[in-house]
Engineer: 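Take a look at the following structure, please.
The chain is numbered in sequence order, starting from 1. Atoms within each ligand, like the ligands themselves, are counted from 1 in listed order.
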Amino acid sequence: MTCLLQMKINYYPKCPQPELSLGVEAHTDVSALTFILHNMVPGLQLFYKGKWITAKCVPNSIVMHIGDTIEILSNGKYKSILHRSVVNREKVRISWAVFCEPPKEKIILKPLPETVSETEAALFPPRTFQQHIQHKLFKKTRDLQAPAK
Ligand SMILES: O=C(O)CCC(=O)C(=O)O
Ligand SMILES: [Fe+2]
């Protein structure tokens with residue numbers, strides 16, 4: 001699969017009240033894979049077993065996580081990890097995220113045939129990457145607008 005690379009630089013200034021703020025709100029990446037380099041200041045958190053866990057800063061390493069595209073292609077066998085970033089009272093945090101993404105319109109994303117069987121139905125409808133992004137945005141807007149119960 002052809003992948004397009006996009007880089008995003010996140011700059012998180014020091015924050016006097018980090019508990020009242022977030023760097024990037026909880027989300028899953030739409031990419032196939034995401035690679036993250038950072039300036040060794042902790043701040044990336046992963047939602048794992050019902051809790052937010054802060055990722056360890058391991059010297060000379062790159063963080064890699066799976067995004068929605070691989071989750072769709074694998075029919076949910078590989079999960080797109082829910083993550084967010086928090087800010088720090090004493091230190092500026094910088095992260096460089098490289099997203100490997102499929103072309104927006106050229107291919108239809110759906111579970112690969114080998115991941116679907118009579119007992120394992122396809123969990124994701126066929127969509128282009130662009131349609132997947134639109135669908136996610138639509139869902140988020142709808143959820144935000146839904147009246148509180
Ligand atoms: O700053 C980080 O470590 C993660 C940022 C992130 O999740 C994103 O840019 O998609
Ligand atoms: Fe992310």
Side-chain angles (χ1 to χ4, degrees), residues 1-112 115-116 122-146 148:
M1 183 174 80
T2 318
C3 263
L4 307 170
L5 299 179
Q6 292 219 51
M7 187 173 78
K8 177 178 158 213
I9 303 175
N10 297 298
Y11 180 89
Y12 306 102
K14 286 182 222 174
C15 176
Q17 290 178 292
E19 60 290 345
L20 298 182
S21 169
L22 268 182
V24 178
E25 65 174 354
H27 66 283
T28 60
D29 292 343
V30 290
S31 59
L33 295 174
T34 303
F35 298 91
I36 301 172
L37 286 160
H38 51 74
N39 63 339
M40 294 299 286
V41 175
L44 172 63
Q45 294 191 328
L46 314 166
F47 197 66
Y48 183 67
K49 295 192 176 165
K51 277 197 225 148
W52 286 105
I53 312 283
T54 302
K56 280 189 197 139
C57 291
V58 181
N60 306 316
S61 70
I62 295 179
V63 174
M64 185 198 82
H65 49 223
I66 284 170
D68 300 348
T69 300
I70 295 277
E71 178 166 289
I72 296 168
L73 294 176
S74 71
N75 201 22
K77 290 183 174 61
Y78 293 101
K79 303 274 184 251
S80 184
I81 186 86
L82 185 66
H83 58 284
R84 69 180 187 184
S85 53
V86 294
V87 285
N88 194 289
R89 196 186 304 271
E90 279 106 34
K91 288 181 185 159
V92 164
R93 178 166 184 270
I94 305 173
S95 71
W96 293 261
V98 175
F99 303 99
C100 302
E101 299 182 346
K104 287 224 157 58
E105 306 281 359
K106 255 197 216 148
I107 55 166
I108 307 286
L109 296 176
K110 60 177 186 192
L112 294 169
T115 66
V116 180
L123 299 174
F124 303 91
R127 289 197 179 108
T128 62
F129 186 55
Q130 182 60 35
Q131 286 167 338
H132 172 69
I133 295 171
Q134 290 301 130
H135 173 77
K136 221 172 158 180
L137 266 175
F138 172 75
K139 245 176 53 188
K140 190 175 163 189
T141 317
R142 190 196 56 198
D143 293 350
L144 282 173
Q145 286 170 349

Engineer: As a check for students: among Gln45, Glu25, His83, identify the option with a heavy atom nearest to atom 7 (O) of ligand 1.
Structural biologist: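 That would be His83.
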
Engineer: Using a 4.0 Å heavy-atom threshold (strictly under), name the region of Val63 that reaches ligand 1: side chain, backbone, both or neither.
Structural biologist: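 For Val63, no heavy atom sits under 4.0 Å from ligand 1.
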
Engineer: Tell me, please, if His65 has any N/O/S atom, main chain or side chain, under 2.8 Å from the Fe ion (ligand 2)?
Structural biologist: no

Engineer: Looking only at protein heavy atoms, which one is nearest to atom 9 (O) of ligand 1, and how far off is it?
Structural biologist: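 Looking at atom 9 (O) of ligand 1, the protein heavy atom closest to it is Lys8 NZ, 2.7 Å.
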
Engineer: State whether the side chain of Arg93 and the backbone N or O of Val41 hold a donor-acceptor pair below 3.5 Å, judged by distance alone.
Structural biologist: yes

Engineer: Checking a contact table here: which protein heavy atom is nearest atom 10 (O) of ligand 1, and how many Å away?
Structural biologist: His27 NE2, 3.1 Å

Engineer: If you have a sec, work out which protein heavy atom is nearest atom 3 (O) of ligand 1 and how many Å separate them, to one decimal?
Structural biologist: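 Nearest protein contact, heavy atoms only, for atom 3 (O) of ligand 1 is Arg93 NH2, 2.8 Å.
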
Engineer: To check you understand the geometry: which heavy-atom pair defines the closest contact between Lys77 and Thr115, and what is its length?
Structural biologist: NZ-O, 3.1 Å

Engineer: If only atom types and distance count, is the side chain of Arg84 paired as donor or acceptor with the main-chain N or O of Val24 below 3.5 Å?
Structural biologist: no

Engineer: Write out the residue and atom name of the closest protein heavy atom to atom 5 (C) of ligand 1, then the distance separating them to 0.1 Å.
Structural biologist: Asn10 ND2, 3.4 Å

Engineer: Measure the shortest side-chain to side-chain distance between Lys110 and Val116 over non-hydrogen atoms and say whether it is less than 4.5 angstrom.
Structural biologist: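 A side-chain contact under 4.5 Å is absent here.
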
Engineer: Do other residues, nucleotides or ligands put more than 12 heavy atoms under 6.0 Å from Phe47 CZ?
Structural biologist: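 Yes.
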
Engineer: For Phe99, counting its heavy atoms only, list the atoms of ligand 1 lying under 4.0 Å from any of them.
Structural biologist: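 With Phe99 as reference, the close atoms of ligand 1 come out as 9 (O), 10 (O).
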
Engineer: Is a donor from one side chain sitting under 3.5 angstrom from an acceptor on the other, for Lys79 and Thr28?
Structural biologist: no

Engineer: Provide the atom name of the closest N, O or S atom of Asp29 relative to the Fe ion (ligand 2).
Structural biologist: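 Closest N, O or S atom of Asp29 to the Fe ion (ligand 2): OD1.
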
Engineer: Specify which N/O/S atom of His83 comes nearest to the Fe ion (ligand 2), by atom name.
Structural biologist: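 Of the nitrogen, oxygen and sulfur atoms in His83, the Fe ion (ligand 2) lies nearest to NE2.
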
